[in-house]
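Working notes, structure below.
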Amino acid sequence: MLKTCLRMMCISLALLAGSCGTTMTPADYASEKPTLDLQSYFNGTVDAWGMFQDRSGKVIKRFRVVMHCHWEGDTGTLDEDFTYSDGTTQKRIWTLKKLPDGRYLGTADDVVGEAAGHTGGNSLNWKYVLALPVDGKVYHVNFDDWMYLMDDQVMLNRAVMSKFGFRLGEVTLAFHKRAP
C-alpha cells in the first residue's frame, strides 16, 4: 500500500512539474499559414464579436466591436468601438509600433504601461495589464492574449485574464476583416 501511494505521488509530481514547464510561444506557430501580417490584417475596417467568461465558464458579457484601422509607416492605429449586450459602450484606441523580428509594442488609455507582442507564423501573443473598471473600482488585470489568423478575413482571439497569478476568466473574440 505504501509503495502504491509513493508511486502515485511521484507520478502526480512528475505530471505537475511537466505542466509547469510548458509555455507556448509564437515560435511554436512559426510554420503555420497563413502568415499573420498585422499591418495588412489591421488595415481598413474589422468587425469582431466576443464574450467574457468567468472562471467557471459562465458567459458574463457579450459584445460587438467595430475597428477602424490604419498604418503610417511602422505605427498603426486601431480605433475600437465596443457595444456590450447590456447596451453600454466603450472606446479604446490602440497605438501599435512595429519593431524588428516580429515584435510589437502597443499602448491605449486603459493599458498600464505598454503591451508587448510577438508574432510567429499565423499567431500573435500580447501580454499587457489592463485597468479594468468593475463596480466603481479599477483593477489592474494581466492579459495573456493570443490571436490566430485563420484566413485573409478571419482571425480568432483568446485572452486569459489573471490577477496575482489566479485565473479570473477568458475573453474570446472572432474578427472579420471587411473587404476593401
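As a basis for the values below, the full set of heavy atoms in this structure was taken, side chains included, without hydrogen atoms, waters or symmetry mates.
- Taking the charged nitrogens against the carboxylate oxygens, Asp74 and Lys97 have no contact shorter than 4.0 Å, which rules out a salt bridge.
- Using a cut-off of 4.0 Å between Lys/Arg side-chain N and Asp/Glu carboxylate O, Arg92 and Asp110 are scored as salt-bridged.
- The minimum heavy-atom distance linking Ser162 with Val141 is given by the pair O-CG1, 3.5 Å.
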CA sep, side-chain torsions, deciding dist, call: Lys98, Gln39, side chain to side chain donor-acceptor pair (under 3.5 Å): CA-CA 9 Å; Lys98 183 179 180 180; Gln39 289 173 293; 3.2 Å; yes
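- Between the NE2 atom in His118 and the NZ atom in Lys127 there is a gap of 12.5 Å [rounded to 0.5 Å].
- Formation of a donor-acceptor pair under 3.5 Å by the Asn43 side chain with backbone atoms of Ser40 is not found in this model.
- In the displayed structure, Asp109 atom CG is contacted under 6.0 Å by at most 12 heavy atoms of other residues, nucleotides or ligands.
- By the criterion of side-chain heavy atoms lying less than 4.5 angstrom apart, applied directly or through intervening Ile, Leu, Val, Met, Phe, Trp or Tyr residues, Val171 is grouped together with Tyr128 in one hydrophobic cluster.
- Residues Phe42 and Ile93 fall into different hydrophobic clusters, defined by Ile, Leu, Val, Met, Phe, Trp and Tyr side chains chained together at heavy-atom separations under 4.5 Å.
- At a threshold of 4.0 Å, the pair Asp79-Lys91 counts as salt-bridged, since one of the basic side-chain nitrogens sits closer than that to a carboxylate oxygen.
- Environment of CZ in Arg62: sparse, with no more than 12 heavy atoms of neighbouring residues, nucleotides or ligands closer than 6.0 Å.
- Between atom OG1 of residue Thr45 and atom NE2 of residue His68 there is a gap of 5.0 Å, rounded to the nearest 0.5 Å.
- The line from NE2 of His176 to CG of Asp151 is 7.5 Å long, rounded to the nearest 0.5 Å.
- Annotation for Arg167: atom CZ counts as buried by contact number, over 12 foreign heavy atoms lying within 6.0 Å.
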Working for salt bridge (Lys or Arg N to Asp or Glu O under 4.0 Å), residues Lys61 and Asp86: CA-CA 8 Å; Lys61 202 173 254 195; Asp86 63 4; 3.5 Å; yes
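- When every heavy atom of Asn122 is checked against every heavy atom of Pro34, the shortest pair comes out as CB-O, 3.0 Å.
- Residue-environment remark: CZ (Arg158) stays at or below the threshold of 12 foreign heavy atoms within 6.0 Å.
- Side chains of Asp144 and Asn125: a donor-acceptor N/O pair is present below 3.5 angstrom, by distance only.
- Two residues are said to be in side-chain contact when any heavy atoms from C-beta on lie closer than 4.5 Å; Phe175 and Leu156 fail this criterion.
- Ring pair Phe63/Phe52: centre-to-centre distance not below 6.0 Å.
- Between Arg178 and Asp47, at least one side-chain N (NZ, or NE/NH1/NH2) sits under 4.0 Å from a carboxylate O, which counts as a salt bridge.
- Between Tyr104 and Trp94, the ring center distance fails the sub-6.0 Å criterion.
- When hydrophobic clusters are built by joining Ile, Leu, Val, Met, Phe, Trp and Tyr residues whose side-chain heavy atoms come closer than 4.5 Å, directly or via intermediates, Val160 is not grouped with Met51.
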